[in-house]
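The chains referred to below are lettered A, B, ... by the order of the sequence lines, with proteins before strands, and numbering in each begins at 1. Any value given below was found using the heavy atoms of this structure, including those in side chains, with hydrogens, waters and symmetry copies removed. Note that the structure is predicted; figures quoted are calculated from it, not measured.
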Number of protein chains: 2
Amino acid sequence: MRQSREAKAETHQAIVAAAARRFRERGIEGTSVGDVMQAANRTHGGFYRHFDSKEDLLVAALGRAFEEMIAGLEHALAHVPAERALGGFVRGYTSVGRVADVGGGCPVAALSNDVQRSNEAVQAEFGRGVRALIASLAAHLEGPQAKREARAARTFAMAAGAVMIARASDQATADLVLAAVRDEVPRHASTPASAPAGPRELL
Amino acid sequence: MRQSREAKAETHQAIVAAAARRFRERGIEGTSVGDVMQAANRTHGGFYRHFDSKEDLLVAALGRAFEEMIAGLEHALAHVPAERALGGFVRGYTSVGRVADVGGGCPVAALSNDVQRSNEAVQAEFGRGVRALIASLAAHLEGPQAKREARAARTFAMAAGAVMIARASDQATADLVLAAVRDEVPRHASTPASAPAGPRELL
DNA sequence: TGAATAAGATGACCATCATCATCTTAATTT
DNA sequence: AAATTAAGATGATGATGGTCATCTTATTCA
């Protein structure tokens, strides 16, 4: 039965939201169109009224995941002084809860390898998200523009790398890597080592 | 026709080698048993004389990939002074050639997300490889044992994270992230910023 | 040497999946 | 309100892929 414009828009959002979660949880190849539609409480047939292909959905889902990620980051860092921003980011990003929440977490940590094997349209969207994320983080730091961006990029790469490695490893190895990254953030971020610890879980 | 023990051993090695490459290039789900056997110049039917399942093959392939990776690392760092080891590692790891060579490169950078979704046996093997890799890197650094290991882990996470992000992104974003990581290694690694640059591509 | 064994080839099985065609029915349009 | 349109459901379809059964033939063991 035909649905109203609003109903369609709702369905569309539901599909994207379900996809954003499923793709992160199970990967691109591990997520079927049918899975996504079921998670969105719809049947598989209606899918192609919304997207031309699974890959189209992936682009939309990536956009959504990055938006959520950046919104969360902005919220968490909104009132944090610049000297503590990077340390807070890393501690939050590598926290136990966040590492466990693959489906609701950072798309970079969940899907980099999958996107690596995807086509240019997907990689372009991913790159856009990465740049936005780095810019957002850099905006909360101090110092000259170029330096801030480089520091944000470097720190983000470290945190995302650590989470990816931790999630793929046994518990002992995961702990080793996460601890190494968490403990050394202040020094790594060129922040005075004597700076107060600050909140442990900003994100 | 039945093959001799040696012939079987050769086949076994060929399968593992082909799998180690294919898995890195196309991911776990993107690589079929048939693909691997074809790359090893065999037909798919013989596969189960060598492995109980695709997942068994994956464990063997991961072991192989880590071995290669660590051997290369040892070779590259053999005669490098401790102060330059980390910087050399990062520059080599993030070099254009290495970033391009997914199939012959680091299993962490190629398969972390895939392994994340695999079972415990696979993750145990992956964790073993990660620890061996970090230990190998740490052995080339100076300072107290615990510090060396933490620094190695942190730096490896950063390098692997950067390569994963770069491979998943458009060229401009990739360049941005890789440059940030490459340029700041000495500082990041707690090496005197004034240290001579040293060789650019150790690995 | 002869019997037992097993490596690898061929082909089949069953499941999964992306995509499409068709149908129903309600929303839009005229 | 009648005619048109399209959202979503149902049910193919063709392709792919992990695994297994079977067959051949060379190897290995007695």
Side-chain angles (χ1 to χ4, degrees), chain A residues 1-62 111 114-115 117-119 121-122, chain B residues 1-62 111 114-115 117-119 121-122:
Chain A
M1 2 51 186
R2 179 169 184 174
Q3 302 285 296
S4 69
R5 297 190 203 299
E6 305 162 48
K8 184 180 185 181
E10 260 178 56
T11 296
H12 192 92
Q13 293 309 312
I15 296 173
V16 174
R21 174 164 284 273
R22 289 307 180 115
F23 279 135
R24 279 177 283 184
E25 282 173 354
R26 306 184 184 181
I28 299 173
E29 310 234 319
T31 302
S32 74
V33 170
D35 279 347
V36 171
M37 292 303 280
Q38 196 167 350
N41 289 312
R42 306 292 196 288
T43 54
H44 68 276
F47 177 77
Y48 291 89
R49 299 282 176 188
H50 294 273
F51 300 95
D52 285 345
S53 64
K54 179 182 177 178
E55 169 196 301
D56 254 36
L57 170 63
L58 173 58
V59 171
L62 276 178
L111 291 169
D114 292 77
V115 172
R117 303 171 204 123
S118 299
N119 66 36
V122 176
Chain B
M1 2 48 188
R2 180 170 182 174
Q3 302 284 296
S4 70
R5 296 190 202 299
E6 303 162 49
K8 184 182 185 183
E10 261 178 54
T11 296
H12 192 92
Q13 293 309 310
I15 296 174
V16 174
R21 174 164 285 273
R22 288 306 180 116
F23 280 135
R24 279 177 284 185
E25 282 173 355
R26 306 186 185 180
I28 299 174
E29 310 234 318
T31 301
S32 73
V33 169
D35 279 347
V36 171
M37 292 303 280
Q38 198 167 350
N41 288 310
R42 306 291 196 289
T43 54
H44 68 276
F47 178 76
Y48 291 89
R49 299 283 177 186
H50 294 273
F51 300 95
D52 284 346
S53 65
K54 180 182 178 179
E55 169 196 301
D56 255 36
L57 170 63
L58 174 58
V59 171
L62 276 179
L111 292 169
D114 291 78
V115 172
R117 303 171 205 125
S118 300
N119 66 35
V122 176

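- Taking atom CZ on F51(B) and atom P on dT19(D), their separation rounds to 13 Å, with Å as the unit.
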Tell me, with the steps shown, if D114(A) and R26(A) meet salt bridge (charged side-chain N to carboxylate O under 4.0 Å, His left out).
-> CA-CA 10 Å; D114(A) 292 77; R26(A) 306 184 184 181; over 6 Å; no
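- Residue contacts for F47(A): at a heavy-atom cut-off of 4.0 Å it reaches no nucleic acid atom on any strand shown.
- Nearest heavy atom pair, residue F23(B) against residue K54(B), reads CE2-CE, 4.0 Å.
- Between E6(B) and E55(B), it is E55(B) whose nearest contact on DNA chain D lies nearer the 5' terminus.
- We find that NE2 of H50(A) is positioned 16 Å from P of dT19(C), with the value rounded to whole Å.
- Atom NZ of K8(A) is separated from atom C1' of dT28(C) by 13 Å (rounded to the nearest Å).
- With DNA chain D read from its 5' end, the first of the two nearest nucleotides for S32(B) and Q3(B) is the one closest to S32(B).
- Spacing between atom CZ of R26(A) and atom P of dT16(C) amounts to 13 Å, rounded to whole angstrom units.
- At least one donor-acceptor pair under 3.5 Å links the side chain of R42(A) to the backbone N or O of A40(A).
- Residue side chain R2(A) does not reach the base of dT25(C) through any donor-acceptor N/O pair under 3.5 Å, judged by distance alone.
- For the pair N119(B) (side chain) and V122(B) (backbone), a donor-acceptor distance under 3.5 Å is present.
- The interatomic distance linking R49(B) (CZ) with dA26(D) (C1') rounds to 13 Å, in whole Å.
- Judged by distance alone, with hydrogens and angles left aside, the side-chain atoms of K8(B) form no donor-acceptor pair with the main-chain N or O of H50(B) at under 3.5 Å.
- In this model, the phosphate group of dT29(C) is approached by a side-chain N or O of R5(A) to a distance below 4.0 Å at OP1 or OP2.
- One can place CG of D35(B) at 17 Å from P of dA15(D), the figure rounded to the nearest angstrom.
- Between T11(A) and the phosphate of dG8(D), there is a side-chain N or O to OP1/OP2 separation shorter than 4.0 Å.
- Regarding contacts with the backbone of dT10(C), every side-chain N or O of R42(B) stays at 4.0 angstrom or more from both OP1 and OP2.
- One atom, NZ of K54(B), and another, C1' of dG17(D), lie 8 Å apart when rounded to the nearest Å.
- Going from atom OH of Y48(B) over to atom C1' of dG17(D) covers 9 Å, rounded to whole Å.
- Residue H44(A) is in base contact, counting any heavy-atom pair closer than 4.0 Å across all strands shown.
- Using a 4.0 Å heavy-atom distance criterion, T43(A) is classed as a base contact.
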